[in-house]
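Okay, so here's the structure we're looking at.
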Amino acid sequence: MPWCDGLEPICRTDAPLAPLTWYGLGGAARWLVTPRDEPELAEALRRVVDAKLPWRVLGRGANVLVRDEGFDGVVIRLDGPAWEHVAFSDTIVTAAAGADFPKLVKRSVERGLAGLERLAGIPGTVGGIVRMNAGGKYGNVADVVDSVRVLNTSGVIKPRPIDDIPFGYRTSGLHDCVITAATFRLQRADVDPLRERFQQIWKEKHAAQEPVSTRSAGCIFKNPPQKPAGKLLDELGLKGERRGGATISARHANFIVATPDARAQDVIDLIQHAKDRVQRETGIALELEIDIW
Ligand SMILES: Cc1cc2nc3c(=O)[nH]c(=O)nc-3n(C[C@H](O)[C@H](O)[C@H](O)COP(=O)(O)OP(=O)(O)OC[C@H]3O[C@@H](n4cnc5c(N)ncnc54)[C@H](O)[C@@H]3O)c2cc1C
């Protein structure tokens, strides 16, 4: 295919996506592109857009379920040293989009920089976390973002200040672009109490949810205004419900966990079943939080 001529070192065909996602399920990407830096990313995206191919960006895949038939398009993954760069300057930290977010949270806490500890225990890359405006009961990443560096489909890379980003509940509004880095504005704090708060938030999260080591994608549905989705599903007795290798978690009903031999379709069937039950019995239309590719 001419679109990737010359990009062979960073472009693979029929690349399995399961090992690149938290669920560990699903088929292959027709193309997997791993640009080594911003210019390579810009060049690859320009060609993908010119060739009118469908494309997605993949972080740690902690919020993505890939269908069994795979993704018939281009998956871009920001992997490698240039995408893991993190720079601290006083209370400002800038991290490239592929940097591991939980590690960044820990590093900030150990430096006595407060702000990110509210997101303790949320897996993902900096890019994925910002794109999803990840968060929980103690706040969202938008609370500490200063600016985001973005490559758009016209090939322009520019910083977008926080005021120019339409953050909302589990969305940044940054669609159709690639986040290449983010800058966070943190606050000085004493390390010991900060570390304690980080640990307390982490423990609280892990007592209430599936451990990070399980195959899941975090919460399946967004919380509707009426009631948390997990509570709705629990009240309808859906905990423990199964389809093939997929089960609604007994710990948190908004999590669907999978066995290694599950099919992505098992998870999709269970999602549909849960959604139908909630719609039928409460009239509430649940919306997906996860992305299904
Ligand atoms: C055990 C567990 C617990 C979780 N707990 C929480 C929680 O408490 N709160 C919460 O909000 N989420 C939670 N999640 C979901 C997940 O951690 C977040 O959604 C996180 O933001 C995903 O980051 P990622 O890098 O894995 O992104 P991916 O899952 O790879 O991608 C998510 C979305 O972001 C896009 N994306 C990724 N990188 C980029 C980029 N560089 N530029 C543009 N778009 C990009 C993808 O295309 C996709 O649309 C949990 C998940 C698990 C498995």
Side-chain angles (χ1 to χ4, degrees), residues 15-27 58-68 75 77-79 83-84 95 98-110 116-129 131-132 134-138 141 170 195-221 228-230 233-234 238-271 274 288-293:
L17 292 174
L20 305 180
T21 69
W22 221 266
Y23 257 129
L25 305 175
L58 183 64
R60 287 280 178 280
N63 202 55
V64 168
L65 174 66
V66 177
R67 290 177 191 276
D68 295 310
V75 171
R77 194 156 178 268
L78 308 182
D79 190 26
W83 300 111
E84 281 157 25
D100 186 73
F101 188 73
K103 278 191 197 151
L104 178 69
V105 175
K106 270 197 202 143
R107 282 181 70 185
S108 305
V109 167
E110 291 308 322
L116 292 174
E117 73 292 344
R118 72 193 72 189
L119 304 163
I122 306 183
T125 57
V126 164
I129 293 280
R131 163 71 172 73
M132 292 304 300
K137 72 188 243 202
Y138 295 105
V141 77
R170 296 298 161 263
R195 193 187 293 125
E196 246 171 61
R197 182 163 161 72
F198 162 77
Q199 285 167 348
Q200 171 241 322
I201 294 173
W202 195 94
K203 277 187 200 148
E204 209 177 289
K205 181 169 161 59
H206 285 265
Q209 298 181 356
E210 284 294 326
V212 203
S213 52
T214 9
R215 288 166 183 258
S216 82
C219 288
I220 294 285
F221 299 108
L233 298 163
D234 192 5
L238 284 160
K239 278 183 172 173
E241 197 95 0
R242 300 180 75 111
R243 290 289 181 280
T247 308
I248 296 185
S249 161
R251 289 170 78 135
H252 191 307
N254 202 10
F255 277 58
I256 292 182
V257 294
T259 53
D261 60 345
R263 295 170 312 135
Q265 193 58 44
D266 297 338
V267 180
I268 293 169
D269 289 348
L270 199 47
I271 289 173
L288 279 182
E289 180 170 320
I290 65 162
D291 269 9
I292 301 182
W293 291 2

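Under the 3.5 Å distance criterion, with hydrogens and angles disregarded, no donor-acceptor pair is assigned to the side chains of Glu196 and Gln200. Using a 3.5 Å distance cut-off with no hydrogens or angles, the side chains of Ser249 and Glu210 do pair a donor with an acceptor.
Around atom CH2 of Trp293, more than 12 heavy atoms belonging to other residues, nucleotides or ligands sit under 6.0 Å away. Other residues, nucleotides and ligands place no more than 12 heavy atoms under 6.0 Å from the NZ atom of Lys106.
Cation-pi geometry between Arg197 and Tyr138 is satisfied (NZ or CZ under 6.0 Å from the ring centre, within 45° of the ring normal).
For the pair Lys137 and Glu204, the salt-bridge criterion is met [side-chain N within less than 4.0 Å of a carboxylate O].
No donor-acceptor distance shorter than 3.5 angstrom exists from the side chain of Arg77 to the backbone of Arg60, with no hydrogens or angles considered. Here the side chain of Asn63 pairs a donor or acceptor atom with the backbone of Glu289 at under 3.5 angstrom. Of the possible donor and acceptor atoms, one in the side chain of Trp22 sits under 3.5 Å from a partner among the backbone N and O of Val212. For the pair Arg251 (side chain) and His206 (backbone), a donor-acceptor distance under 3.5 Å is present. The closest donor-acceptor contact from the side chain of Asp291 to the backbone of Val64 lies at 3.5 Å or more, if one exists at all. Using modelled atom types, one side-chain atom of Asp68 and one backbone atom of Gln265 make a donor-acceptor pair closer than 3.5 Å.
Between Ile271 atom CD1 and Asp266 atom CG the span is 11.0 Å, to the nearest 0.5 Å. Atom-to-atom distance recorded for Ile292:CD1 and Ile268:CD1 is 5.0 Å, nearest 0.5 angstrom. The CG atom of Leu270 lies 4.0 Å from the CD1 atom of Ile256; values are rounded to the nearest 0.5 Å. In this structure, the separation between CD1 on Ile201 and CD1 on Ile122 is 9.5 Å, given to the nearest 0.5 Å. Arg107 CZ to Leu116 CG: the interatomic distance, rounded to the nearest 0.5 Å, is 12.0 Å. Here the straight-line distance linking atom OG of Ser216 with atom CD of Gln209 works out to 8.5 Å at 0.5 Å rounding.
Phe255 places none of its side-chain heavy atoms less than 4.5 Å from the side chain of Ile220. Two residues are said to be in side-chain contact when any heavy atoms from C-beta on lie closer than 4.5 Å; Asp234 and His252 fail this criterion. Counting heavy atoms from C-beta on, the side chains of Leu58 and Leu20 come closer than 4.5 Å. When side chains are defined from C-beta on, Leu233 counts as touching Phe221, because their heavy atoms get closer than 4.5 Å. Proximity of Thr125 to Phe101: side-chain heavy atoms (C-beta onward) are nowhere separated by under 4.5 Å.
Considering all non-hydrogen atoms of both residues, Glu117 and Val105 come closest at CA-CG1, 4.0 Å. Residue Ile248 comes nearest to Ala274 through the heavy atom pair CD1-CB, 4.3 Å, listed as atom of the first residue, atom of the second, then distance. Across every non-hydrogen atom of Ala62 and Pro123, the tightest pair is CB-O, 3.9 Å. The minimum heavy-atom distance linking Ala229 with Asn254 is given by the pair CB-ND2, 3.7 Å. Minimum interatomic distance between Ala18 and Gly26 (heavy atoms only, all atoms of both residues): CB-O, 3.7 Å. Closest approach of Gly124 to Pro102, counting heavy atoms only: O-CD, 3.5 Å.
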